[in-house]
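Written out below as structure tokens is the structure these notes cover.
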Amino acid sequence: MAAVCAARIAWSGLLSKQPVGVRCARNSGQGCNQSTLQMIFRRFMRYSQTLIPTVKEVPADAEIISHQLMIRAGLMRKLASGTYIYLPAGQRMLAKVIQIVREEMNRTGAQEIIMPVVQPLELWQQTGREVDYGETLGKFIDRHGRGNVLSPTAEEGFTFLAANEIKSYKQLPMNLYQINTKYRDEFRPRFGVLRSREFIMKDAYSFHANEECLHKTYMNMYCAYCRVFERCGLEYVIVLAESGEMGGSGSHQFTVPCANGEDIIVYTADDKQAWNIEKAPVDPLPKQPPAQVGPVEDFYTPRAGKIEDACAYMKVKPHQLIKTLVYKCGEGAILAMVRGDHEVNPEKLTRLMDGVHIEMADEAMIVELTKAAVGFAGPVGLCDKAARVFIDHGVAGLAVGATGANRTDYHIMNVVPGRDFPLEGANIQVADIRNAVEGDTYEGKKLLFKRGIEVGQVFKLGDKYTRKLESRYVDADGREKYPLMGCYGIGINRIIASAVEIGHDENGMILPITIAPWEVIVTPAGQEADVIAAAENIYSELLAEGVEVLLDDRDARGGVKFKDADLLGIPIRITVGKKTLAEGKAECKLRSESDRTTLPISSAAGEVARRVKALKAKLNEPKR
RNA sequence: CGGGGUGUAGCUCAGUUUGGCUAGAGCGCCUGGUUUGGGACCAGGAGGCCGAAGGUUCGAAUCCUUUCACCCCGACCA
């Protein structure tokens with residue numbers, strides 16, 4: 001009883017000795033301007049006054065480690081599937097990442113604006129992306145019957161602005177960006193914040209009079225992105241990516257390698273080249289020597305619409321099967337043939353179609369085209385019925401194969417490419433249309449695979465959007481032209497999730513100091529008045545040094561505070577305890593290391609402030 | 001959108017197969033006490049429309065129908 005009371009009295013007594021600035025703030029600011037007040041409140045951080053709801057149990061619906069820890073550490077809570085509430089600690093992390101991104105963008109001369117999240121549907125109809133984006137595009141109709149889009153990206157909005165404001169080559173180049181909420185009506189949100197419906201993205205759009213200028217800005221952004229990810233303390237890999245329906249000629253993706261990544265990175269064994277799997281090229285497989293093959297033979301394969309079922313009937317291996325997929329492009333049918341053990345890469349098809357939107361044909365269209373149920377399509381007799389036919393090198397290289405008979409419940413064997421279906425023709429093309437797989441090579445070099453989280457991507461868009469939205473400027477030669485565009489995105493939330501994915505141990509997050517919610521936590525271990533007083537002192541001194549510090553002033557046991565500090569991943573912990581205090585010392589521990597060092601209590605704050613600055617400098621002064 | 005799974009206390013989950021006493025445990029929360037350097041202990045307490053709606057039954061968390069939400073696999077994805 002007595003001890004608790006003493007402790008409470010000690011706390012309340014110290015609370016009344018708050019720094020003068022704070023008292024002044026509460027007394028409606030005598031002599032303090034608004035920004036000073038905000039600064040003081042932002043830095044004045046007591047655990048007991050902050051909503052950091054840590055939990056011991058792993059949340060049932062969190063599958064991957066970053067999701068689990070972000071919930072457990074009290075960074076966020078789920079509001080609905082794919083939407084999260086960011087709590088104070090999470091908000092602080094987002095704010096820090098945003099600030100880094102903003103600084104690096106501004107350094108390149110990009111200008112920050114804010115675009116509405118709700119945008120007119122007509123703009124999206126003009127560029128054709130209402131259709132291309134499909135159901136992922138969030139839409140609603142307002143009370144006036146107008147269609148609205150919840151912006152998943154903002155090419156339309158920025159190009160609209162350019163169309164109205166960029167009239168002369170003298171205004172070019174121009175690079176505009178925003179850091180704003182994006183919405184995508186994902187079929188399946190998952191992995192916590194890695195694939196959420198609502199997220200924060202930095203998106204920039206640049207406008208140029210010529211290709212060289214676009215390239216220059218593109219490379220500037222590329223470098224700025226390197227700096228951003230280095231400052232955030234992330235290990236990252238840059239891969240060549242597909243620009244797909246975004247249109248345009250070039251793209252790089254910035255990915256953080258980790259086991260839970262959704263993207264697959266393909267790289268050569270010598271580590272010289274890397275691609276997203278959508279883009280990774282493969283060498284054609286060696287052509288099989290021609291064999292003596294009898295005529296095509298029907299084979300009864302009831303209900304064997306799947307590769308493995310058909311193989312079982314015909315006693316062949318998947319790599320001997322020719323898989324025929326039907327895509328559509330407007331009204332026309334597109335055939336894509338790959339081996340049974342390979343997968344069609346739609347991005348590669350899109351590129352062969354010059355960026356035209358394609359999608360899987362529906363059942364009705366397949367039945368109409370092949371006169372058979374889905375699963376029994378084959379190239380024999382079908383190639384002249386399709387607008388375009390793409391045959392993978394792997395198929396063309398087969399000496400003999402089996403495939404669908406274009407007749408329900410039948411396959412055919414002894415099919416020889418070039419004999420039983422054409423490999424050449426006006427509408428026919430043998431090409432690389434499949435995903436790379438284990439064992440493939442490129443330019444003779446072995447291809448290797450790893451998973452990664454995409455945290456940023458840069459694109460060259462060309463004039464796709466400026467043409468569609470009639471954005472024209474007058475060039476030096478007096479003629480009207482369409483500016484070339486680049487676009488550049490960074491997933492703010494994903495930076496945090498990937499930092500957690502690669503920075504954690506069994507006790508919780510281990511965060512880079514540049515994005516951790518606080519730089520230092522001061523933990524009084526014990527409720528004795530002198531311990532609390534010493535902790536308060538160090539806390540005040542750190543505040544005065546400009547360090548972002550959290551004081552764990554809770555009336556809790558030491559163990560609880562240590563567990564929470566570890567969970568939160570705060571890079572530096574200063575512990576004030578009875579024993580060390582008696583020796584005039586405080587203890588300093590880095591979250592990333594197990595050793596502790598003791599510091600004289602009188603100089604502890606100054607020394608820790610120096611360490612904070614050194615740690616930050618290490619990340620904030622990138623090599624590039 | 002196809003396949004699978006789960007909805008019971010703030011959280012993690014028993015109980016449902018085989019309907020039956022007042023619906024449980026651990027953690028968290030509140031009160032009091034003992035503690036206080038790695039998620040303490042004792043005692044007491046609050047907290048539930050058993051996801052929702054209909055049905056079967058003397059009786060439903062439990063059986064049936066419908067529906068909603070969430071999760072996983074797949075498809076999809078600048």
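Letters A, B, ... are given to chains in the order of the sequence lines, protein chains preceding strands, and every chain is numbered from 1.
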Open item on the list: With no hydrogens and no angle check, just 3.5 Å: does a side-chain donor-acceptor pair link Asp564(A) and Thr54(A)?
Closed with: yes
Task: Side-chain donor/acceptor contact of Arg573(A) with base of G37(B) under 3.5 Å - done: no
Open item on the list: Both distances below 3.5 Å, Watson-Crick or wobble geometry, any strand: find the nucleotide opposite A43(B).
Closed with: U31(B)
Task: Nucleotide forming a Watson-Crick or wobble pair with C70(B), both distances under 3.5 Å - done: G5(B)
Open item on the list: Any strand counts, and the cut-off is 3.5 Å on both contacts for Watson-Crick or G-U wobble. Which nucleotide pairs with G19(B)?
Closed with: none
Task: Nearest non-hydrogen partners of Ser66(A) and Val500(A), listed with the distance - done: CA-CG1, 3.7 Å
Task: Shortest side-chain distance from Ala80(A), nucleotide among G38(B), C70(B), U12(B) - done: C70(B)
- [ ] Assign Leu137(A) to base, sugar-phosphate, or nothing according to its heavy-atom contacts below 4.0 angstrom with the strands shown.
- [x] nothing
Open item on the list: Please confirm whether the ring centroid of Phe254(A) lies under 6.0 Å from the ring centroid of Tyr222(A).
Closed with: yes
- [ ] Apply side-chain hydrogen bond (donor to acceptor under 3.5 Å, both in side chains) to Thr159(A) and Tyr205(A), showing your working.
- [x] CA-CA 8 Å; Thr159(A) 310; Tyr205(A) 305 84; over 6 Å; no
Open item on the list: Nearest heavy atom decides the nucleotide; on that basis, is Pro346(A) or Phe562(A) closer to the 5' end of RNA chain B?
Closed with: Phe562(A)
Open item on the list: Students often get this wrong, so: under 4.0 angstrom with heavy atoms, is Glu135(A) touching a base, only sugar-phosphate, or nothing?
Closed with: nothing
Open item on the list: Once hydrogens and angles are ignored, does a donor-acceptor distance under 3.5 Å link the base of G37(B) to the side chain of Thr580(A)?
Closed with: yes
- [ ] May I ask which nucleotide in the shown strands pairs with U56(B), Watson-Crick or G-U wobble, both distances under 3.5 Å?
- [x] none
TODO: Could you please name the partner base of U36(B), counting Watson-Crick and G-U wobble pairs only when both distances are under 3.5 Å?
DONE: none
Task: G4(B) and A61(B), which share atom name C1', separated by this distance in whole Å - done: 23 Å
TODO: Could you work out the separation of C50(B) and C21(B) based on their P atoms and round it to a whole Å?
DONE: 15 Å
Task: Inter-nucleotide C1' distance (G74(B), C58(B)), Å rounded - done: 48 Å
Open item on the list: What I want to check is whether the side chains of Thr127(A) and Glu156(A) have a donor and an acceptor closer together than 3.5 Å.
Closed with: yes
Open item on the list: So Thr575(A), base contact, sugar-phosphate only, or nothing? Heavy-atom distance under 4.0 Å.
Closed with: base
Open item on the list: So, OP1 or OP2 of G37(B): does either fall under 4.0 Å of a side-chain N or O from Lys563(A)?
Closed with: no
Task: Separation of C77(B) C1' from Tyr183(A) OH (nearest whole Å) - done: 14 Å
Open item on the list: So that I can tick it off, tell me whether Glu112(A) and Lys202(A) are bridged by a salt bridge, with the cut-off set at under 4.0 angstrom between side-chain N and carboxylate O.
Closed with: no
Open item on the list: Rounding to an integer number of Å, can you tell me how far His67(A) NE2 sits from C11(B) P?
Closed with: 14 Å
TODO: Counting heavy atoms from C-beta on, name the nucleotide in G39(B), G37(B), C77(B) closest to the side chain of Arg596(A).
DONE: G37(B)
Open item on the list: Is it true that Asn345(A) and Glu278(A) share a donor-acceptor pair across their side chains at a distance under 3.5 Å?
Closed with: no
Task: Nucleotide of G37(B), A75(B), C77(B) approaching Arg188(A) most closely (side-chain heavy atoms) - done: A75(B)
TODO: Identify which nucleotide among G38(B), C77(B), A75(B) has an atom closest to any side-chain atom of Arg195(A), counting heavy atoms from C-beta outward.
DONE: C77(B)
Open item on the list: Taking the P atom in each of C77(B) and U8(B), what is the distance between them to the nearest angstrom?
Closed with: 35 Å
- [ ] Could you give the distance separating C49(B) and G54(B) at their C1' atoms, to the nearest angstrom?
- [x] 15 Å
TODO: Return yes if the base of G38(B) and the side-chain atoms of Asp566(A) contain a donor-acceptor N/O pair under 3.5 Å, otherwise no.
DONE: yes
Task: C13(B) to C71(B) separation - P atoms, rounded to the nearest Å - done: 14 Å
Open item on the list: Does U35(B) have OP1 or OP2 under 4.0 Å away from a side-chain N or O of Arg557(A)?
Closed with: no
Open item on the list: Could you tell me how far apart Arg72(A) (CZ) and G28(B) (C1') are, to the nearest whole angstrom?
Closed with: 14 Å
Task: Watson-Crick or G-U counterpart of U12(B), or none if no pair lies under 3.5 Å - done: A25(B)
- [ ] Output yes when at least one side-chain N/O atom of Arg184(A) is less than 4.0 Å from OP1 or OP2 of C76(B), else no.
- [x] no
Open item on the list: Can you tell me if Ser81(A) touches the phosphate of C71(B), counting only side-chain N or O atoms and a distance under 4.0 Å to OP1 or OP2?
Closed with: yes
TODO: Compare side-chain N and O positions of Arg190(A) against OP1 and OP2 of C73(B) and report whether any pair is under 4.0 Å apart.
DONE: yes
Open item on the list: If I take atom CZ in residue Phe191(A) and atom C1' in nucleotide G74(B), what distance separates them, rounded to the nearest angstrom?
Closed with: 12 Å
Open item on the list: Taking only the C1' atom of each, what is the distance from G20(B) to U66(B) in whole angstrom?
Closed with: 27 Å
- [ ] Could you give the distance separating A46(B) and G59(B) at their C1' atoms, to the nearest angstrom?
- [x] 30 Å
Open item on the list: Is Lys56(A) close enough to G28(B) that one of its side-chain N or O atoms is under 4.0 Å from OP1 or OP2 there?
Closed with: yes
TODO: Measure the distance from CZ on Arg554(A) to P on C29(B) and round it to the nearest whole Å.
DONE: 10 Å
Open item on the list: Let's see if you can work this out: which of C71(B), G39(B), G74(B) has an atom nearest to the side-chain heavy atoms of Lys78(A)?
Closed with: C71(B)
TODO: Could you check Thr54(A) against Tyr488(A) and say which one's nearest nucleotide on RNA chain B is further toward the 5' end?
DONE: Thr54(A)
TODO: Nearest whole angstrom, please: distance from the P of G37(B) to the CG of Asp555(A).
DONE: 13 Å
- [ ] Sort out for me which residue in Lys78(A), His67(A), Gln68(A) forms a side chain to side chain donor-acceptor pair (under 3.5 Å) with Asp61(A).
- [x] Lys78(A)
Open item on the list: Quick check: any donor-acceptor pair below 3.5 Å linking the side-chain of Glu57(A) to the base of G28(B)?
Closed with: no
TODO: Report the nucleotide, chosen from C77(B), G38(B), C13(B), that has the shortest atom-to-atom distance to any side-chain atom of Asn507(A).
DONE: G38(B)
